[in-house]
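Written out below as structure tokens is the structure these notes cover.
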Number of protein chains: 2
Amino acid sequence: MATTTSLSPETPSTPGEPETTAPAPLTPAFSPLYQQIKVLILKSLQAGEWKPGELIPSEMDLAARFRVSQGTVRKAIDELAAENLVSRRQGKGTFVSTHAEQQVQYRFLRLMPDSGDLSSEGPAERQIVDCKRLRAPADIAHPLALRTGDAVLQLRRVLAFQGTPTIIEDVWLPGGPFKGLTADRLAAYRGPMYALFETEFGVHMVRAEEKIRAIAADAASARLLGLPQGEPLLSVERIAYTYNDVPMELRRGLYRTDTHHYKNALS
Amino acid sequence: MATTTSLSPETPSTPGEPETTAPAPLTPAFSPLYQQIKVLILKSLQAGEWKPGELIPSEMDLAARFRVSQGTVRKAIDELAAENLVSRRQGKGTFVSTHAEQQVQYRFLRLMPDSGDLSSEGPAERQIVDCKRLRAPADIAHPLALRTGDAVLQLRRVLAFQGTPTIIEDVWLPGGPFKGLTADRLAAYRGPMYALFETEFGVHMVRAEEKIRAIAADAASARLLGLPQGEPLLSVERIAYTYNDVPMELRRGLYRTDTHHYKNALS
DNA sequence: TAGTGGTCTAGACCACAGG
DNA sequence: CTGTGGTCTAGACCACTAC
């Protein structure tokens with residue numbers, strides 16, 4: 001079959017339409033079939049056709065829907081699974097990834113106790129310190145692809161492990177998608193913050209980038225963590241993205257690393 | 001074909017041999033064919049049948065050699081490529097990964113300037129501060145899977161970018177595989193340290209794990225980096241592994257992160 | 001027993017690199 | 001032109017899950 005033609009399911013191309021008004025070929029036109037299928041599945045995920053935790057159609061069903069062979073759908077799903085957007089379970093089906101009900105509680109948290117792992121420390125004790133709406137200054141707006149002055153939510157919380165405050169997090173969220181988020185709703189929610197984002201606001205974080213630095217604790221941070229001012233802390237600046245690389249969260253964490261460390265694997 | 005039988009190329013099993021003396025089924029006996037192929041290719045890589053930078057046999061050749069279909073070999077190589085052990089180049093073939101002649105100079109270095117990338121800063125200026133043999137104390141021997149008192153090489157160097165000393169690295173290597181490594185040979189070598197390890201000592205690092213902390217600069221570190229004592233530094237403790245998860249290097253880096261940051265991607 | 005993902009095969013054709 | 005990896009297909013069978 002031609003690999004040079006683009007593809008749209010149940011929606012034959014409209015040859016009469018002038019190319020100039022075509023909605024821009026996000027599908028780069030000269031890509032393998034399975035890549036086109038991947039994009040189509042991605043669009044369905046983004047559109048919420050299947051929600052986090054749900055079962056997506058079987059490979060055979062998708063193959064029929066897209067008029068390709070099962071192997072081609074398989075390769076598309078393989079890539080989605082490699083990117084942790086879906087997870088396959090033999091005999092059951094393929095499920096949309098979720099930050100809730102995941103065996104790993106904190107999918108994006110790389111902090112580990114120096115001995116054992118996070119789960120061995122029991123659930124983190126969370127305390128919301130602050131939650132307010134404000135107009136984004138430039139250095140907040142820019143990473144979130146907003147304009148200076150746009151409404152953002154800012155919240156600050158402290159995470160403690162086994163009674164020891166270990167993490168301070170400042171989180172900035174775009175005001176629009178997260179309208180209605182309050183400290184109370186956050187405090188009431190059991191489970192990871194990203195799980196709440198999924199269920200309450202329909203925002204699914206799929207990947208993130210972090211910039212890590214060593215800094216000295218300022219007065220406020222030192223007080224919250226019960227450390228002397230000037231103590232070295234790990235500064236972890238994260239931008240989290242939804243589908244299509246849209247930034248939806250800016251987060252700055254301060255980790256104490258005398259009893260914990262940030263773990264990373266290189267290959 | 002049976003997926004429950006194990007496989008050995010040109011070396012039919014020896015049924016007469018008692019199982020108790022069998023060299024232990026590293027191939028877990030009940031694994032898919034392509035996994036068994038992967039292990040066989042891995043063994044060839046480890047044995048040095050194809051060296052870093054070299055071309056490995058084509059998929060068809062390997063398929064013939066292992067008596068399986070090309071698609072099965074392909075899936076095995078797919079996984080090796082995903083782990084960065086080999087890299088595929090369309091029209092050319094599949095090559096053993098190398099730390100030399102790679103477009104990316106520092107495959108394992110995650111430090112980035114706050115604006116731009118490492119290559120935009122030109123080559124790092126390297127200075128060997130120290131290089132000596134010693135008997136490993138317990139905290140060095142253990143991560144290297146050595147015994148306390150075994151011979152190890154210790155070296156210290158400083159990396160500067162655009163004239164600014166930015167990284168101090170202490171490196172510990174097992175004395176056996178790296179017999180003959182001297183400060184002079186290191187200083188004379190152009191290219192990444194891991195490339196020298198490959199060409200001069202036949203040690204190919206394939207993956208690494210890092211533990212990251214924030215610490216305060218001690219007197220010696222502060223002097224080498226031209227910073228005031230007590231300044232926060234990023235401590236990056238790395239264990240690098242060759243094939244088969246054998247640890248071959250312990251490295252502790254101290255990064256100044258006022259102009260640079262450690263970059264990490266999460267998914 | 002039926003349905004799912006997982007493996008394996010064989011064959012065709014495409015895209016790319018290099019003689 | 002040949003040989004390489006890359007894509008796509010169709011069909012068979014296996015392993016796991018759930019009814």
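The chains referred to below are lettered A, B, ... by the order of the sequence lines, with proteins before strands, and numbering in each begins at 1.
The aromatic ring centroids of B/Phe197 and B/His204 lie 6.0 Å or more from each other.
Every residue was checked against the salt bridge (charged side-chain N to carboxylate O under 4.0 Å, His left out) condition with A/Arg89, not counting sequence neighbours, and none meets it. Partners of A/Phe201 according to the ring-ring contact (aromatic ring centres under 6.0 Å, His included) rule, which considers only residues two or more places apart in sequence or in another chain, are A/Phe178. In this view, B/Glu209 and B/Arg207 satisfy the side chain to side chain donor-acceptor pair (under 3.5 Å) rule, not counting sequence neighbours. Looking at residues two or more places apart in sequence or on another chain, you find a side-chain contact (heavy atoms from CB on, under 4.5 Å) between A/Ser58 and A/Met60, A/Asp61. In this structure, the side-chain contact (heavy atoms from CB on, under 4.5 Å) partners of A/Pro113, at least two apart in sequence or on a different chain, are A/Leu118, A/Glu121, A/His260. Listed by chain and number, the residues in a side-chain contact (heavy atoms from CB on, under 4.5 Å) with A/Arg88 are A/Glu59, A/Arg74, A/Ile77, A/Asp78, A/Ala81, A/Thr94 (sequence neighbours excluded). Legend: residues meeting ring-ring contact (aromatic ring centres under 6.0 Å, His included) with B/Tyr241, ordered by chain and number and at least two apart, are absent. Residues passing the salt bridge (charged side-chain N to carboxylate O under 4.0 Å, His left out) test with B/Glu54, sequence neighbours excluded: none. The side-chain contact (heavy atoms from CB on, under 4.5 Å) test applied to A/Lys211 returns A/Arg213, A/Glu237, B/His261, not counting sequence neighbours.
An OP1 or OP2 oxygen of D/dT4 is reached within less than 4.0 angstrom by no side-chain nitrogen or oxygen of B/Arg88.
Near DNA chain D, defined here as any heavy-atom distance below 4.0 Å, the residues from residues 71-81 of chain A are A/Thr72, A/Lys75, listed numerically. Shown for residues 45-52 of chain A: no residue has heavy atoms falling under 4.0 angstrom of DNA chain C.
Considering all non-hydrogen atoms of both residues, A/Pro52 and A/Glu198 come closest at CB-OE1, 3.5 Å.
Spacing between atom NZ of B/Lys38 and atom C1' of C/dT7 amounts to 15 Å, rounded to whole angstrom units. A straight line from CD of A/Gln35 to C1' of C/dA15 spans 15 Å, rounded to a whole angstrom. Rounded to an integer number of Å, the gap from CZ of B/Arg67 to C1' of C/dT9 is 16 Å. Rounded to whole Å, the distance from CZ on B/Phe66 to P on C/dT9 is 13 Å. Counting to the nearest Å, the P atom of C/dC8 and the CD1 atom of B/Ile37 are 9 Å from each other.
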Nucleotide N/O to protein N/O under 3.5 Å, stretch nucleotides 1-4 of chain C:
residue, atom, partner, partner atom, Å
C/dG3, N2, A/Gly91, O, 3.1
C/dT4, O2, A/Gly91, N, 3.3

